[in-house]
Protein chains: 2
Amino acid sequence: MARTPRDTRTRILDAARLEFADRGFAGAGVDTIARRARVNKAMIYYHFADKQALYRETLSDLFSALTARVRAIDEALPPATRIERFIETAAGFLQQHPELPRIMLRELAEGGTHLDQETLTTMQGLALSGTAIIAQGVADGTFRPVHPVLTYFTVVGPLMMYLGGAPIRHELVRRKLFPAEGLDSESFVRHLQTFVKLGLTAGPDTRATTARRRPTRRTPGGPT
Amino acid sequence: MARTPRDTRTRILDAARLEFADRGFAGAGVDTIARRARVNKAMIYYHFADKQALYRETLSDLFSALTARVRAIDEALPPATRIERFIETAAGFLQQHPELPRIMLRELAEGGTHLDQETLTTMQGLALSGTAIIAQGVADGTFRPVHPVLTYFTVVGPLMMYLGGAPIRHELVRRKLFPAEGLDSESFVRHLQTFVKLGLTAGPDTRATTARRRPTRRTPGGPT
DNA sequence: GTCTATACCCTGATAGAC
DNA sequence: GTCTATCAGGGTATAGAC
């Protein structure tokens with residue numbers, strides 16, 4: 001069965017995603033992408049204007065898929081549930097596409113240098129969805145009065161860092177500097193969900209920073 | 001006053017820090033570093049073996065300074081206070097050296113490809129200090145029984161992402177896609193401190209994921 | 001649409017004078 | 001320790017045949 005043009009394009013994008021995640025925009029080689037895609041280098045320039053255009057399309061595809069999933073979360077659900085779903089949904093996607101968090105971490109560090117308006121706008125979709133959920137929870141009194149943007153970073157930061165940092169974390173585990181147990185993604189998602197829920201629903205005294213509540217009992221079951 | 005060799009070396013390291021933060025290892029140019037340091041390019045190769053050695057020394061310096069500060073937090077303090085201090089201390093340093101979080105985000109994404117044993121070990125110091133505090137709090141019952149490593153990422157993730165992502169966040173604010181108010185670093189630090197404290201000290205029912213506690217009153221004062 | 005061959009620039013690194 | 005000049009290689013991008 002002959003390879004269709006559509007195939008070629010897809011293979012290039014697939015390879016590009018990996019290569020850009022591995023080495024970043026500057027570090028990625030068009031030659032390497034061609035080799036990874038098992039496609040002739042000239043084909044890349046046939047399908048894409050240049051390296052940067054390829055990069056942008058890679059990111060656009062990735063981010064629009066993620067934001068689409070996040071936007072699909074039922075808006076009628078209560079904010080606490082929506083945040084939980086947001087975390088699950090995002091985490092699930094980031095696990096299916098481990099390249100995304102890595103690319104995101106880089107682009108964050110870089111200040112979006114290689115992006116155009118359109119790609120940036122696509123990336124914003126995620127932030128808008130996230131902050132909207134938080135703002136709604138604050139408005140209807142479900143959450144304590146947090147700043148939606150600050151809170152958004154508090155939720156997404158761990159997601160990106162944990163899932164994007166998987167390679168280096170595995171290295172640390174291999175070197176026995178981190179314990180191996182309890183570091184699977186499912187545990188992490190549950191941990192983050194609980195953590196965020198607690199952080200958003202105020203106990204009796206949020207303001208008194210010095211007050212310490214003594215724990216009455218140790219929660220049974222494994223660590224969250 | 002003549003420029004001492006010490007000066008030259010320092011100027012190179014200063015420039016390298018900025019350039020590596022701006023463009024990453026692959027993107028950084030030795031030529032550019034020389035220009036930024038107002039030093040002849042050959043001087044870089046006189047003081048450092050090659051680009052990679054310069055990179056490693058840059059990171060080593062940065063991370064050992066940070067971990068030194070974090071380690072200086074009084075171990076006798078109660079865990080809840082130590083975590084608070086940890087956040088303040090780290091955030092303070094990351095603001096003084098905005099290059100660090102950006103470099104860290106990149107290196108995380110890259111899996112530590114450009115690092116040697118020694119540099120990696122230095123970077124681990126931060127993680128060890130952080131997880132030690134959390135483990136102690138869990139052990140003495142101050143915190144609920146969380147996994148120290150998962151929690152560590154939950155604390156450091158927002159720090160790195162918020163402070164390292166400053167450039168792109170400013171861009172989003174400039175484009176009026178994020179509100180400008182309340183996004184200063186001090187607000188963020190307070191927000192994170194409160195959030196983490198709530199997330200670590202269990203309310204009545206941590207385990208029942210479906211149970212919802214209805215808020216009794218809106219906390220007065222600005223959002224945290 | 002696909003491939004070969006190649007132009008050309010940029011950049012890491014060094015030689016060698018002072 | 002400092003500088004000028006230069007090399008060698010790798011990388012993006014294109015021309016042009018099929």
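Side chains are part of it too, since the values below use all heavy atoms of this structure and drop only hydrogens, waters and symmetry mates. Quick note on labels: first sequence line is chain A, next is B, and so on, each numbered from 1.
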Taking only N/O atoms, report every protein-nucleotides 16-18 of chain D pair under 3.5 Å with atom names and distance.
none

**OP:** State which residues pass ring-ring contact (aromatic ring centres under 6.0 Å, His included) with A/Phe48; sequence neighbours excluded, sorted by chain then number.
**Re:** none

**OP:** For A/Glu75, check side chain to side chain contact (heavy atoms under 4.5 Å, CB included) against everything at least two apart and list the hits.
**Re:** A/Arg82

Original post:
Rounding to a whole Å, what distance do you find between A/Ile12:CD1 and C/dT2:C1'?
Top reply: 11 Å

Subject >> salt_bridge(A/Asp14, A/Arg36) N-O dist < 4.0 Å >> reply: no

Subject >> Closest nucleotide among C/dA13, C/dG1, D/dT2 to the A/His47 side chain >> reply: C/dG1

Original post:
Within the structure shown, what part of the strands sits under 4.0 Å from B/Ala28 by heavy-atom distance: base, sugar-phosphate, or nothing?
Top reply: sugar-phosphate

Original post:
A/Asp31 CG to C/dT4 P: how many Å, rounded?
Top reply: 13 Å

**OP:** Have a look at A/Ala34 and say if it touches a base, only the backbone sugar-phosphate, or nothing, with a 4.0 Å heavy-atom cut-off.
**Re:** nothing

Original post:
Taking the side chain of A/Asn40 as heavy atoms from C-beta outward, which of C/dA13, C/dC3, D/dA13 is closest to it?
Top reply: C/dC3

Original post:
Between the side chain of B/Ser187 and the main-chain N/O of B/Leu183, is any donor-acceptor distance below 3.5 Å?
Top reply: no

Original post:
When you measure from the side chain of B/Tyr45, which nucleotide among C/dA13, D/dT2, C/dC3 comes out closest?
Top reply: C/dA13

**OP:** Just say parallel, tilted or perpendicular for the rings of A/Phe188 and A/Tyr162, cut-offs at 30° and 60°.
**Re:** parallel

**OP:** For A/Arg38 and C/dC3, give me the distance from atom CZ to atom C1', rounded to whole Å.
**Re:** 17 Å

Subject >> Neighbour count >12 (heavy atoms, 6.0 Å) for atom CD, B/Glu186 >> reply: yes

Subject >> Candidates D/dT12, C/dA13, D/dG1 - which lies nearest the side chain of B/Tyr46 >> reply: D/dG1

Original post:
Between B/Arg35 (CZ) and C/dG12 (P), how many Å, whole number?
Top reply: 11 Å

Subject >> Whole-Å gap separating C1' (D/dG10) and CZ (A/Arg23) >> reply: 13 Å

Original post:
For DNA chain D, whose closest nucleotide is more 5', that of B/Met43 or that of A/Lys41?
Top reply: B/Met43

Original post:
How many Å lie between CD1 on B/Ile44 and C1' on D/dC3, as a whole number?
Top reply: 13 Å

Original post:
Roughly how many Å is it from CD in B/Glu19 to P in C/dT11, rounded to a whole number?
Top reply: 10 Å

**OP:** Return yes if some donor-acceptor pair links the side-chain N/O of B/Arg17 with the main-chain N/O of B/Thr58 below 3.5 Å, else return no.
**Re:** no

Original post:
Taking OP1 and OP2 of D/dT2, is either one under 4.0 Å from a side-chain nitrogen or oxygen of B/Thr8?
Top reply: yes

**OP:** Using atom CZ of B/Phe48 as one end and atom C1' of C/dG12 as the other, report the distance to the nearest whole Å.
**Re:** 16 Å

